[in-house]
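Take a look at the structure set out below.
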Amino acid sequence: MDLSLSIVSFPLDEQTADDMEQLLGDLPAEHRTVLHPSLWRTADSRGFAVIAYTEREELIGFAAAADLVGLHHYEWSLFVHPDYRRLSLGTALADGVSHALAQRQAESELVAFVDEVDIAAFMESIGYRPDFNEILLSAEPLPDDSLPEDLAVVPYAGQAVQLAELLTAAFDDSVLPIMEHNMIDPEREIWLLQKGQQLIGTATLVTEEKSLWVTAFAIHPEQQGQGYGKQFLKWSRNLAFQRRLKRVLLDVETNNQALHVYEGSGFRQVQTISYWKRGTL
């Protein structure tokens, strides 16, 4: 069988994006996430796709890579039609990604897959090693929007210094470039949890495919253990209800000590996503 592989940058043309959507068919939304479908058509997105067509112009596989925070750090995954997975097409697509990353002078890469045994064997066969796992959690939108009288959630309005201090205390200063990206990306909403006039928490929300994603979620370490995180997550679920979204999603590393907070806030584990890395590009 004659195949043609090509590399196309985001945003994709409508025909290519439609072909990719059709190839995925009824693949569950949580499996689609690692392929970044929300970025395929977005005008200011940074990324590319490696696409494989037959001589009959039938799309049978593709890889999609995204520079999520604009710092030349790419995250990618791939999908091949089940009927063609014995043709080493996955290896060819991965080679195409490597070529495109080198062209773009990428500084790092991560490969993301829903954690499955056959994926692990494939990734090891092309020279990648496990890096870490994340658990995808989901919760239903919540109609109740009540918060304690001393708490309020407000949109970010230029409190950059206070926000940086909170995020650095909750994580470390490596999170600051992500914060700066969230500030300028129009698709990302930064919300602040305040107790009186004191900033005690933050979350960045992103809407993708009728789901509300909670990212960059943090409660100041000095305020943890008092239920503020649960109240903030409850508010997020109500926001999804108001916007008529289907669910609220977040992911957390498997060794994160806050996992019980999420589960205690009505989130359930959906699946594990494995991340893979190699030493050099």
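Under the 4.0 Å criterion applied to side-chain N and carboxylate O atoms, Glu109 and Arg278 are assigned as salt-bridge partners. Between Arg41 and Glu14 a salt bridge is recorded (basic side-chain N to carboxylate O distance below 4.0 Å). With respect to the salt-bridge test (charged N to carboxylate O, under 4.0 angstrom), the residues Glu75 and Arg46 do not qualify.
Dense packing is recorded around CD of Gln103, with more than 12 heavy atoms of other residues, nucleotides or ligands lying under 6.0 Å away.
For Thr91, the side-chain contact (heavy atoms from CB on, under 4.5 Å) partners are Asp95, Phe122, Ile126, not counting sequence neighbours. The side-chain hydrogen bond (donor to acceptor under 3.5 Å, both in side chains) check on Glu21 picks up Arg32, with sequence neighbours excluded. Not a single side-chain hydrogen bond (donor to acceptor under 3.5 Å, both in side chains) links Asp118 to another residue, sequence neighbours left out.
Gln159 places a side-chain N or O within donor-acceptor distance of the main-chain N or O of Ala157, the cut-off being under 3.5 Å. Looking only at distances, no side-chain donor or acceptor of Asp2 sits under 3.5 Å from a matching main-chain atom of Glu55. A donor-acceptor pair under 3.5 Å is formed between the side chain of Gln224 and the backbone N or O of Ile219. Formation of a donor-acceptor pair under 3.5 Å by the Asp150 side chain with backbone atoms of Lys195 is not found in this model. Between the side chain of Trp40 and the main chain of Leu35, a donor-acceptor pair closer than 3.5 Å is present.
Counting heavy atoms from C-beta on, the side chains of Leu205 and Arg188 never come closer than 4.5 Å. Counting heavy atoms from C-beta on, the side chains of Val154 and Trp191 never come closer than 4.5 Å. The shortest side-chain heavy-atom distance between Ile273 and Tyr275 falls under the 4.5 Å cut-off.
Taking all atoms of both residues into account, the shortest heavy-atom contact from Ile200 to Leu166 is C-CD1, 3.5 Å. What you find for Val97 and Ala63 is that their closest heavy atoms are CG2-CB, 3.5 Å.
Considering Asp19, Asp13, Asp18 as possible partners of Gln15, the one that fulfils the side chain to side chain donor-acceptor pair (under 3.5 Å) test is Asp19.
For Phe232 and Phe217, the ring centers sit closer than 6.0 Å to each other.
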| field | Ser9 vs Arg104, side chain to side chain donor-acceptor pair (under 3.5 Å): CA-CA, chis, key distance, verdict | value | CA-CA 11 Å; Ser9 296; Arg104 288 162 172 77; 2.9 Å; yes

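Using cut-offs of 30° and 60° on the angle between ring planes, the pair Phe62 and Phe79 is tilted.
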